[in-house]
Amino acid sequence: MNTENAAFGAAASTVPTATATATATAVTATAAPITSPVEPSWSGGPGVATEPDGPEVRPPAPLRIAVVLGSNRDGRFGPVVADWLLKEIGVRPELRAELVDVGAVDLPTTLPGRPSPEVAAEVAKVTPALAGAEAFVVLTPEYNHSYPAALKNLIDWHYDEWQAKPVGFVSYGGISGGLRAVEHLRQVFAELHAVTVRDTVSFANAGSQFDDDGAHRDPSAAGAAVKSLLDQLTWWGLTLREGKEARPYGS
């Protein structure tokens, strides 16, 4: 059963469900492009931290995150969750996010050895964002105990872009909250040499958890769940950044 817009009575989520039903209106997600990060303000001036009687210590550049919206279904609920997620990322000065929407690109399911100019143009809509990202959050519904075909197709059109980078998951659906889709995705990203973080944000009966304006009805619980996810993603992202600077992956 396709559970992206299903409504069931019980919840299996890291975030408690609410009782009211929200209209699944798509909210335009906005985020600062990962290609133009702006350093946060620190004591000692923008982008600079100081230690008493010591040299200036510059904080690391913001971690560049690609949020992959994995559903292209008509009437999808994903943009509501994506907008909430981008706002949560946006309040953290150490992170910069860009949305990669599978619904905004038309990638063929055939993988040609030499793509036509038309196909190459479609691929070019998403590849630079994936290549430039240092970490990913994959946002997925659950379709028939797994994840959408359009998301798998986007993944399969790329390879190097995923390697040696951390991947976090935000899922939504009916009673399972999309967790079965996440477990399948972990196997896929392991094959691509990516690192998946443990904690997952999951919304069971997602339509009831957000109001008509796209705000979560229990922001403290949802905020705590996404904080844990982003904390882990940030640690892995910065650690892998430093590791690759010292030794390119695969050497």
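Hydrogens, waters and symmetry mates play no part in the numbers below; they use all other heavy atoms, side chains included.
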Does some side-chain heavy atom of [Y] sit less than 4.5 Å from a side-chain heavy atom of [X]?
X      : Y      : value
Leu139 : Phe169 : no
Leu233 : Ile65  : yes
Leu95  : Pro62  : no
Val137 : Val68  : no
Tyr172 : Val80  : no
Leu63  : Arg241 : yes
Ile89  : Val226 : no
Trp84  : Pro79  : no

Indicate whether the side chain of [X] and that of [Y] have a donor and an acceptor atom separated by less than 3.5 Å.
X      : Y      : result
Thr109 : Asn153 : no
Tyr143 : Ser71  : yes
Arg186 : Thr196 : yes
Ser171 : Glu142 : no

Next on the checklist: One pair to check against ring pair (Phe, Tyr, Trp, His ring centres under 6.0 Å): Phe210 and Phe203. What are the steps and the verdict?
Outcome noted: CA-CA 10 Å; Phe210 294 84; Phe203 297 108; 5.2 Å; yes
Next on the checklist: Could you walk me through whether Asp101 and Arg76 satisfy the salt bridge (Lys or Arg N to Asp or Glu O under 4.0 Å) test, starting with their C-alpha distance in whole Å, then the side-chain angles of each, then the deciding distance to 0.1 Å, before giving a yes or no?
Outcome noted: CA-CA 12 Å; Asp101 185 353; Arg76 60 187 179 163; 2.8 Å; yes
Check whether any side-chain N or O of [X] sits under 3.5 Å from a backbone N or O of [Y] as a donor-acceptor pair, and report yes or no.
X      : Y      : result
Asp211 : Gly214 : yes
Thr127 : Ala124 : no
Asp213 : Ala215 : no
Arg64  : Ala135 : no
Lys244 : Ala164 : yes
Lys165 : Leu130 : yes
Glu98  : Ala66  : no

Pair [X] + [Y]: basic N to acidic O under 4.0 Å:
X      : Y      : answer
Asp231 : Arg92  : yes
Arg180 : Glu183 : no
Asp199 : Lys227 : no

For [X] and [Y], work out which heavy atoms get closest and say how close.
X      : Y      : result
Gly168 : Val197 : CA-CG2, 3.7 Å
Gly70  : Val102 : C-CG2, 3.5 Å
Pro141 : Ala181 : O-CB, 3.5 Å

Next on the checklist: Using the rule given for side-chain contact (heavy atoms from CB on, under 4.5 Å), can you reason through Val188 versus Tyr147, listing the C-alpha separation, both sets of side-chain angles and the distance that settles it, and then say yes or no?
Outcome noted: CA-CA 11 Å; Val188 173; Tyr147 55 92; 3.2 Å; yes
Checklist entry - If you draw a 6.0 Å radius around CH2 in Trp236, do more than 12 non-hydrogen atoms from other residues or ligands fall strictly inside? => result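 Counting other residues, nucleotides and ligands, CH2 of Trp236 stays at 12 neighbours or fewer.
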For the [atom1] atom of [X] and the [atom2] atom of [Y], what is their distance to the nearest 0.5 Å?
X      : Y      : atom1 : atom2 : answer
Trp157 : Leu107 : CH2   : CG    : 6.5 Å
Leu151 : Asn72  : CG    : CG    : 9.5 Å
Glu122 : Glu118 : CD    : CD    : 9.5 Å
Leu154 : Glu161 : CG    : CD    : 9.5 Å

Item to check | Pair Leu192-Ile155, side-chain contact (heavy atoms from CB on, under 4.5 Å): steps then yes or no | outcome: CA-CA 9 Å; Leu192 293 167; Ile155 294 170; 3.4 Å; yes
Checklist entry - Going through the checks in order, is the side-chain contact (heavy atoms from CB on, under 4.5 Å) test met by Gln209 and Arg217? => result CA-CA 6 Å; Gln209 296 203 40; Arg217 297 181 185 277; 5.8 Å; no
Next on the checklist: Set out, in order, the CA-CA distance, both residues' side-chain angles and the distance that settles side-chain contact (heavy atoms from CB on, under 4.5 Å) for Val67 and Val100, then state yes or no.
Outcome noted: CA-CA 6 Å; Val67 174; Val100 177; over 6 Å; no
